[in-house]
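Just below is one structure, and these are the notes that go with it.
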Amino acid sequence: KITKEQQALMKVVVEAYNRHQIPQDVAKKLLQEQYSEEENFLLLTEMATSQVQVLVEFTKNIPGFLSLNHEDQIALLKGSAVEAMFLRSAQVFSRKMPNGHTEVLEERIRKSGISEEFMTPMFNFYKSIGELHMMQEEQALLTAIAILTPDRPYVKDQQAVERLQEPMLDVLRKLCVLQHPQEPQYFARLLGRLTELRTLNHYHAEMLTSWRMNDHKFTPLLCEIWDVE
Ligand SMILES: CC(C)c1onc(-c2c(Cl)cccc2Cl)c1COc1ccc(-c2ccc3c(C(=O)O)c[nH]c3c2)cc1
């Protein structure tokens with residue numbers, strides 16, 4: 001049922017997703033340093049900065065992305081960065097990393113100056129992703145689909161983005177039917193996570209504001225992608 005060109009498209013996206021990961025020495029830092037709120041914030045800032053670099057490289061490998069209008073490429077990256085990082089960090093939680101990354105990452109997020117009201121939706125999302133037991137092909141395609149969301153702010157040629165997103169949605173739908181035959185609603189559940197991600201964007205904007213009010217500093221790359229400072 002999955003055509004040859006759909007196989008090829010999936011292969012490119014999955015390989016790019018696996019190739020571009022946070023370097024292990026950066027990820028391992030989560031395990032080493034102390035646990036002060038300050039230290040946690042700095043470590044999470046380092047992870048996010050590294051994750052954005054990884055995200056840019058992954059996005060450049062999405063077939064057709066580099067032939068989009070350049071301003072639209074930037075608009076898509078800025079509009080999807082937080083969602084892509086929620087998806088990627090969610091894998092850490094659902095992967096139940098062997099060397100304790102999961103507990104450590106949760107601990108550091110819970111003690112990094114994020115107010116309680118954002119913890120619940122954030123960790124509910126992590127839990128809902130974990131329950132899906134997504135395959136890596138599904139993770140890669142879902143991330144590409146999130147990045148290729150046509151109605152991000154400031155996107156001029158939305159049709160061009162739709163033309164790239166639709167083939168991804170078709171492949172993911174077919175893949176879900178093949179990999180989860182006993183669960184016909186699985187594809188719909190995956191798309192439901194994308195809706196949940198949109199609400200997390202709003203919470204995240206408020207998290208940024210409260211961090212900035214407490215004079216927390218971000219890196220130049222994060223300031224650029226999140227339009228802060
Ligand atoms: C600027 C800082 C304070 C910030 O602001 N909002 C968020 C933030 C938060 Cl707190 C939650 C969700 C999204 C964002 Cl942007 C963050 C921290 O963002 C990240 C991003 C990505 C990881 C992350 C990814 C992969 C792996 C990984 C592997 O792949 O092996 C092993 N360890 C990983 C860690 C962690 C934290």
Side-chain angles (χ1 to χ4, degrees), residues 14 16-33 35-58 77-130 134 136 139-140 143 146-147 193-194 196-229:
V14 172
Y17 189 77
N18 292 334
R19 185 165 60 249
H20 300 299
Q21 305 236 5
I22 282 189
Q24 276 317 307
D25 57 313
V26 175
K28 270 210 284 292
K29 278 193 170 180
L30 276 175
L31 301 169
Q32 272 128 24
E33 326 283 328
Y35 267 88
S36 73
E37 185 176 301
E38 203 46 47
E39 189 59 46
N40 291 341
F41 179 81
L42 286 175
L43 274 174
L44 290 174
T45 299
E46 192 171 344
M47 305 306 288
T49 304
S50 177
Q51 187 61 48
V52 167
Q53 289 159 342
V54 163
L55 174 68
V56 170
E57 289 315 306
F58 168 65
L77 272 169
K78 288 171 74 139
S80 64
V82 170
E83 293 180 17
M85 289 206 269
F86 263 107
L87 282 171
R88 176 62 90 163
S89 53
Q91 312 314 336
V92 178
F93 286 107
S94 45
R95 214 163 44 206
K96 287 273 165 259
M97 310 275 279
N99 40 14
H101 271 254
T102 311
E103 296 70 31
V104 165
L105 182 57
E106 171 157 2
E107 187 61 24
R108 293 197 187 275
I109 290 178
R110 287 193 184 281
K111 293 193 177 56
S112 61
I114 299 172
S115 81
E116 260 321 294
E117 67 184 291
F118 307 135
M119 288 302 166
T120 312
M122 183 187 286
F123 285 98
N124 282 346
F125 175 77
Y126 284 138
K127 191 163 158 289
S128 67
I129 287 282
M134 286 164 71
Q136 62 173 2
Q139 293 167 20
T143 304
I147 294 164
R193 300 286 75 78
L194 291 184
E196 197 175 348
L197 275 171
R198 294 260 189 147
T199 63
L200 290 171
N201 267 329
H202 297 300
Y203 287 120
H204 190 267
E206 289 176 52
M207 279 159 59
L208 285 183
T209 306
S210 70
W211 272 321
R212 288 169 62 213
M213 261 144 38
N214 300 319
D215 208 24
H216 281 89
K217 291 272 169 279
F218 298 100
T219 58
L221 180 58
L222 293 178
C223 291
E224 199 178 323
I225 203 148
W226 287 337
D227 287 331
V228 290
E229 263 150 15

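None of these values were measured; they are calculated from a predicted model. Counting starts at 1 for both ligands and their atoms, following the listed order.
If you number the atoms of ligand 1 from 1 as listed, the ones under 4.0 Å from a heavy atom of Leu30 come out as 32 (N). Listed by number with element, the atoms of ligand 1 under 4.0 Å from a non-hydrogen atom of His204 are 5 (O), 6 (N), 7 (C), 15 (Cl). Within ligand 1, counting atoms from 1 as listed, the ones closer than 4.0 Å to a heavy atom of Trp211 are 3 (C), 5 (O), 6 (N). Contact atoms of ligand 1 toward Phe41: 3 (C) (distance under 4.0 Å to a heavy atom of the residue). Within the listing of ligand 1, atoms 31 (C) sit less than 4.0 angstrom from a heavy atom of Ala27. Each of the following atoms of ligand 1 lies closer than 4.0 Å to a heavy atom of Tyr126: 11 (C), 12 (C).
Between His204 and Trp211, the ring planes are perpendicular. Angles over 60° get that label, and only those under 30° would be called parallel. Using cut-offs of 30° and 60° for the angle between ring planes, the Phe93 and Tyr126 rings count as tilted.
Sorted by first and then second residue, the pairs that involve residues 107-116 and meet salt bridge (Lys or Arg N to Asp or Glu O under 4.0 Å), not counting sequence neighbours, are Glu106-Arg110, Glu107-Lys111.
Residue Thr45 touches ligand 1 through backbone and side chain together, judged by heavy-atom distances below 4.0 Å. The part of Leu222 lying near ligand 1 is the side chain, judged by heavy-atom distances below 4.0 Å. Residue Ile22 touches ligand 1 through its side chain alone, judged by heavy-atom distances below 4.0 Å. Under 4.0 angstrom from ligand 1, there are no non-hydrogen atoms of Thr49. Contact annotation: for Tyr203 versus ligand 1, there are no heavy atoms closer than 4.0 Å.
By the 4.0 Å heavy-atom criterion, Phe93 is excluded from the residues contacting ligand 1. Close to ligand 1: Trp226, with a non-hydrogen atom less than 4.0 angstrom away. Contact analysis leaves Gln91 out of contact with ligand 1, as no non-hydrogen atom separation drops below 4.0 angstrom.
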Check the pair Tyr35, Leu43 against side chain to side chain contact (heavy atoms under 4.5 Å, CB included), reporting the backbone distance first and the verdict last.
-> CA-CA 10 Å; Tyr35 267 88; Leu43 274 174; over 6 Å; no
Give the table of side-chain donor-acceptor pairs shorter than 3.5 Å for residues 46-58, with sequence neighbours excluded, one pair per line with atom names and distance.
residue : atom : partner : partner atom : Å
Glu46   : OE1  : Lys29   : NZ           : 3.3
Glu46   : OE2  : Lys29   : NZ           : 2.8
Thr49   : OG1  : Thr45   : O            : 2.7
Thr49   : OG1  : Thr219  : OG1          : 2.8
Glu57   : OE2  : Lys60   : NZ           : 3.3

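When all heavy atoms are compared, the tightest approach of Phe41 to Ser112 is CD1-O, 4.0 Å.
Side-chain atoms of Ser80 do not come within 3.5 Å of backbone N or O of Glu83 as any donor-acceptor pair. Under the 3.5 Å distance criterion, the side-chain polar atoms of Thr120 are left unmatched by any main-chain donor or acceptor of Glu117.
Under the 3.5 Å distance criterion, with hydrogens and angles disregarded, no donor-acceptor pair is assigned to the side chains of Arg88 and Thr143.
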